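All chains are named by letter (A, B, ...) in the order of the sequence lines, taking the proteins before the strands, and each is independently numbered beginning at 1. A quick note: this is a predicted structure, and the numbers were derived from the prediction, not measured.
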Amino acid sequence: MSRVAVLKGGRSLERQVSMRSGARVEDALARLGHEAVGIDVGPDLIARLREAAPNAAFVAMHGRDGEDGTVQELLEILGIPYTGSGVLACARATDKVLAKHLMIEAGIPTPDFHSFSESAFAGLGAAQALPAIEERLEFPIVVKPSSQGSALGVKFARTAADVPAALIAAFSYDSRVLLERYVAGRDLAVSILDGEALPVVEAVPRDEEFYDFEARYEIGRTDFVCPAALDPEVAERTHELALRTHALLGCRGFSRVDLMLDGDGGLFVLEANPIPGLTDTSLLPQAAEAGGVGFDELVGRILELARLPP
Amino acid sequence: MSISRDLERYAGLFASRTRVMTSSAMRDLMAVTARPEVISLAGGLPDTSTFPPQTFAAVTQRIAEESCAKALQYGPTEGLPETKGCIAEAMAAEGMRVDGEDMIVTTGGQQVIDLVTKTLIDPGDVVIAEAPTYPGAVPVFSSYQADVVQVDMDADGMRIDLLEETLDALGREGRRPKFVYTVPSFQNPAGVTMSAPRRRRLVEVAHERELLVLEDNPYGLLRYEGPAPETLYSLDGGVYVMYLGTFSKTLSPGIRLGWVVAPPPVLEKINLGKQAADLCTSTLSQLMVQAYFEQGHWAPYVQSLTELYRSRRDTMLDALAEHFPPQAEWTRPAGGLFIWATLPDFIDTTDLLARALRENVAFVPGEAAFMDGRGRSSMRLNFSMCDEDTIREGVRRIGEVVKEQVRLYGTLTGEHPAVRLDPGDEPEAESASVVRLPRRLPGQRRADRR
């Protein structure tokens, strides 16, 4: 038995999801015989960590602060081993633009894209390049903030007229956005636990053309199929791409890689999430379950992999 | 610990109506607005810090001494007769005459919306509401699986001509709405007030079509200018209009005390629903209101709130004129707690809220007030809860992020969106998809009140 600080909440826009993830993790840790100390991350984080003096920290935060390496940096300063990826992997995975450039360099297929900072539009006249980009990517185009987790701020531009409003929406979340070629097809997610790929989950939207933040987290709008009905060969390629992405970004312990499978059997990696959701409707726990790993065991194994960098 | 948070375990047990009772991205964002460092113009809260603690102490002291056992006991489902007397007094202040027999004291006004909907609506039945409507009514209607049809408003409140068109169209489909839900005075969220001719026409329509109307009037006494509007209830005389009142905005939302006045057959059914829901409204709260009214301070307190909120409204209107870009438009409420601001349609206020939260300021995105995805360029701003400096700073911060997005749009498109000031210029077709409410005049500032 050890004392484990469960970091959750914080000021991220995904605070609510994180609170749900954290609560489940605390319950699981208690069942596993650990002493779980839940901490809703705020300005008193350092004081509370010093007071709790945990043997390890379970980072159950999503989005800003928790998933981008900020909290990990603090935990290293305090010398507290923590679950999941380290600072560098978090920084790489959270920055979708950086992650996609790394994927291209490593030969991992990812949808074509162009990215811009707000200052490129304000100071460099990037708007004049929009028609050329639109021509190259072809409509519909997905516009998304570079760093926001989940699907907040992700917009679908069907025509050139939709692009400015979609960019403004994406810039609401981040000063850097990307315009990405839309890959029509099946929406797949591969969760990785301790270097092993878990069964593929497929998200099947019930009615929406493009599944949004709400649908992603709430039962009733999207059906999740796990394991996804895929040809063994496709499933194997999906696993392999996910594992390569996880390794490329330097993720540790666990992660979730999101991919699209197009009509021609082409696979494209969209992004990697260093701290995927752990709620009752989240994909990682579903995949683990399908792989024969119950939630308590999942939490236990993630905790065992908690480390401090050497 | 044996607690289980696994939804799967219980999923098969939920009623089908809970499927619509989900959380949403917007609600997740709203959760972040509760942080202490955030200036929230999002709530609908009265400023209870204005209530004198010594009055509260005197009221509770008196209950302890004179009616302790009664205060701690159950009461009649329909409410205590003495409390009904206070309610009649409050309604008389708005020119209504009502008999205690015709009302039920409820646990806040919200319970009235719930009980009326429970009493009248089968799944799929139509409720007519304003567009935009009170965001808190949306989950009530959803939970009873009502089909909510929203009728547009303008500066004079709900467009009764559109209401009649809507009723005709529904009639052709063989559907007859059960009731019209309206906040005619100082509406939440739009801040507009239904004109006298429209009030009369709405009551006529209710009689012609044998249609119930639920008049939700939480803010009637919080009037900052202009003549007191005659309530639908007064105009109708209690035949088709059900009246919802509450002490939440004029005294305290914490005491959870509201009421409903309805025609006796409807009231009887509501009473049965109330009995099933919670047996009776808090006796303690009812006795507190009674003791408070007997002290004779309630009307002066409402007057003091009116002065305070009028000043805060003016501060917010000034701040909007100073900090919002010319492309923005907003309502000028003559009472109540809210201003409804509408931005150019390339700005999505739910996304804007995420940006605003980085500046530690919050509002309610317009989509909360619609069932059909409209309202995405509007926001509801509350001026009752924050002091004037905080209001100015909050509006300044929102204005900055709005201007940032307007500038960005100009950069992206090479154009600068034209200022649209006269809603009369709008083609009619557009009013069906875009909410058009009264607009400020260009450069309008409060000159006489600095």
Open item on the list: Can you classify the ring geometry of B:Y409 versus B:F346 as parallel (below 30°), tilted (30 to 60°) or perpendicular (above 60°)?
Closed with: parallel
Open item on the list: Please verify the inter-ring angle class for B:W330 with B:F324; under 30° counts as parallel, over 60° as perpendicular, anything in between as tilted.
Closed with: perpendicular
TODO: Look at A:A166, A:A126, A:A169 and state which one has the largest set of heavy-atom pairs under 4.5 Å with chain B.
DONE: A:A169
Open item on the list: Need one label for B:L357: side chain, backbone, both or neither, based on atoms under 4.5 Å from any heavy atom in chain A.
Closed with: side chain
Open item on the list: If I measure from the heavy atoms of chain A, does B:E37 come under 4.5 Å with its side chain, its backbone, both, or neither?
Closed with: neither
- [ ] Could you check A:K8, A:R48, A:R15, A:R11 and say which one makes a salt bridge (charged side-chain N to carboxylate O under 4.0 Å, His left out) with A:D40?
- [x] A:R15
Task: Contacting moiety of A:I168, where chain B heavy atoms sit under 4.5 Å - done: both
Task: chain B contact via A:D162 - side chain, backbone, both or neither, heavy atoms under 4.5 Å - done: neither
Open item on the list: Whether B:E393 and B:R396 form a salt bridge (side-chain N of Lys/Arg under 4.0 Å from carboxylate O of Asp/Glu) is what I want to check.
Closed with: yes
TODO: Could you tell me whether the side chains of B:S377 and B:D345 share a donor-acceptor contact shorter than 3.5 Å?
DONE: no
